[in-house]
Amino acid sequence: QVQLVEDGGGLVQAGGSLRLSCAASGSIVSIRAMGWYRQAPGKQRDLVARFTSDGTSNYRDSVKGRFTISRDGAGNTVYLQMSGLNPEDTAVYYCNAVIISNEKIRFVEREYWGQGTQVTVSS
C-alpha cells in the first residue's frame, strides 16, 4: 500500500512564506508524477505545481515566480516553497501522485491523494 504524508501549511500574513512537504512511502516501484493541487471553498480542485516522470515541472500561471516545487534525491518527497503569498492562495492544498506500486505479483499504477493541509493567508 502507498501513502502520502503531508506536512506544513498554516496561517501566514500576506507577503509571507510557507513550505509544504509530501512524502510517499510503501511498495513504490516508480513515481510517474507528483505535485500539489489546491481547493478553495466553493471552487474546484486545481493544479498548483507538479513534476512529471521526465523531471519537468509545471505551474499554474498565478503562482509562477512565487512558488517553487522541488524534490529530494530519491524523488519520493516533494516540497512546495511558497513565497509572496496573498489571500487568493488560501485553500486546502493536496499532495497528488501517480505511482506504480508492487501489489503482490503485479505492478499497478494508481493515483493517490494526501489528506490535505490548510493554507490561510490573511490580508
Side-chain angles (χ1 to χ4, degrees):
Q1 188 68 300
V2 171
Q3 286 188 320
L4 301 180
V5 178
E6 301 165 356
D7 194 17
L11 173 64
V12 65
Q13 289 188 331
S17 299
L18 284 173
R19 190 174 90 148
L20 308 180
S21 66
C22 175
S25 63
S27 303
I28 297 170
V29 175
S30 67
I31 298 178
R32 300 288 302 274
M34 193 167 178
W36 296 91
Y37 285 69
R38 70 185 183 188
Q39 187 168 22
K43 295 188 177 181
Q44 67 181 20
R45 190 174 296 188
D46 292 323
L47 173 70
V48 178
R50 74 192 306 224
F51 279 113
T52 56
S53 58
D54 62 0
T56 60
S57 58
N58 51 77
Y59 298 83
R60 70 181 297 102
D61 287 345
S62 63
V63 307
K64 287 179 180 178
R66 300 188 298 122
F67 291 11
T68 302
I69 190 170
S70 62
R71 56 189 178 183
D72 68 355
N76 287 5
T77 300
V78 293
Y79 306 92
L80 186 67
Q81 179 67 46
M82 304 183 292
S83 303
L85 286 161
N86 58 62
E88 289 70 38
D89 296 315
T90 295
V92 178
Y93 283 68
Y94 295 92
C95 182
N96 172 271
V98 177
I99 295 175
I100 297 175
S101 62
N102 185 349
E103 296 187 5
K104 297 183 180 180
I105 62 171
R106 63 191 183 125
F107 291 170
V108 178
E109 179 178 305
R110 298 186 194 278
E111 182 177 38
Y112 296 88
W113 291 93
Q115 76 278 11
T117 185
Q118 178 70 47
V119 171
T120 302
V121 184
S122 63
S123 57

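What's counted below: heavy atoms across the whole structure, side chains too, no hydrogens, waters or symmetry copies. Please read these numbers as outputs of a predicted model, since none were measured by experiment.
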Heavy-atom check, side chain of Tyr37 versus side chain of Arg60, under 4.5 Å
no
Do Phe67 and Leu80 make a side-chain contact, defined as non-hydrogen atoms from C-beta onward lying under 4.5 Å apart?
yes
How about CD on Gln118, more than 12 heavy atoms from neighbouring residues, nucleotides or ligands closer than 6.0 Å, or not?
yes
Indicate the atoms forming the closest heavy-atom contact of Val29 with Ser101, along with that distance.
CG2-C, 3.8 Å
Side chain of Arg66, backbone of Gly84: donor and acceptor closer than 3.5 Å?
yes
Quick one: do Met34 and Cys95 satisfy side chain to side chain contact (heavy atoms under 4.5 Å, CB included)? Show the steps, please.
CA-CA 7 Å; Met34 193 167 178; Cys95 182; 4.1 Å; yes
Below 4.5 Å, heavy atoms only, C-beta onward: do Val78 and Cys22 meet side chain to side chain?
yes
Examine the side chains of Asp46 and Gln39 and answer whether a donor and an acceptor come within less than 3.5 Å of each other.
no
Main chain of Gly8, side chain of Thr117: is a donor-acceptor contact present, judged purely on distance under 3.5 Å?
yes
Run the side chain to side chain contact (heavy atoms under 4.5 Å, CB included) test on Tyr59 and Val48 for me, step by step, so that the C-alpha distance in whole Å, both residues' side-chain angles and the decisive distance to 0.1 Å come before the verdict.
CA-CA 6 Å; Tyr59 298 83; Val48 178; 5.9 Å; no
Should Tyr94 and Met82 be regarded as members of a common hydrophobic cluster, given that ILVMFWY residues are connected when their side-chain heavy atoms come within less than 4.5 Å of each other, either directly or indirectly?
no
Take Arg110 and Glu103 through the salt bridge (Lys or Arg N to Asp or Glu O under 4.0 Å) test and state the conclusion after the steps.
CA-CA 11 Å; Arg110 298 186 194 278; Glu103 296 187 5; 2.8 Å; yes
Under 6.0 Å from the six-membered ring centre of Tyr79 and within 45° of its axis: does the NZ or CZ of Arg71 meet both?
no
Can you give me the closest heavy-atom contact between Ile69 and Ser57, atom names plus distance?
CG2-CB, 3.9 Å
Can any side-chain N or O of Tyr112 pair as donor or acceptor with the backbone N or O of Ala24 at less than 3.5 Å?
no
Output for pair (Ser25 OG, Ile99 CD1), nearest 0.5 Å, gives 8.5 Å
Distance, nearest 0.5 Å, that separates CG of Asn86 from OG of Ser62:
8.0 Å
Quick check: do Leu85 and Leu18 have side-chain heavy atoms less than 4.5 Å from each other?
yes
Test side chain to side chain contact (heavy atoms under 4.5 Å, CB included) on Thr90 and Glu88 and set out the steps.
CA-CA 5 Å; Thr90 295; Glu88 289 70 38; over 6 Å; no
4.5 Å side-chain heavy-atom contact, Ile28 and Asn76:
yes
Does Trp36 reach the side chain of Leu20, with side-chain heavy atoms less than 4.5 Å apart?
yes
What closest approach, in Å, do Gly16 and Val12 show between heavy atoms, and which atom pair accounts for it?
CA-CG2, 3.8 Å
Less than 4.5 Å apart, any side-chain heavy atom of Thr52 and any of Arg32?
no
Measure the shortest side-chain to side-chain distance between Leu47 and Asn58 over non-hydrogen atoms and say whether it is less than 4.5 angstrom.
yes
Only pairs at least two apart or in different chains count here, so list each disulfide bond (SG atoms under 2.5 Å apart) that has a residue in residues 39-87.
none
Are Val98 and Ile31 connected in the hydrophobic side-chain network, where two residues link if heavy atoms are under 4.5 Å apart?
no
Mind checking the CZ-NZ spacing from Arg45 to Lys43? Nearest 0.5 Å is all I need.
15.5 Å
Quick one: closest heavy-atom pair of Gly116 and Val92, and the distance?
CA-CG1, 3.8 Å
Does any N or O in the side chain of Asn96 come within less than 3.5 Å of the main-chain N or O of Gly35, such that one atom is a donor and the other an acceptor?
no
What I want to check is whether the side chains of Arg38 and Tyr93 have a donor and an acceptor closer together than 3.5 Å.
yes
Donor-acceptor contact present, side-chain Thr68 to main-chain Gln81, <3.5 Å:
no
Can you tell me if CD on Gln1 sees more than 12 non-hydrogen neighbours from other groups inside 6.0 Å?
no
Quick check: closest heavy atoms across Pro87 and Ser123, and the distance to 0.1 Å?
CG-CB, 3.8 Å
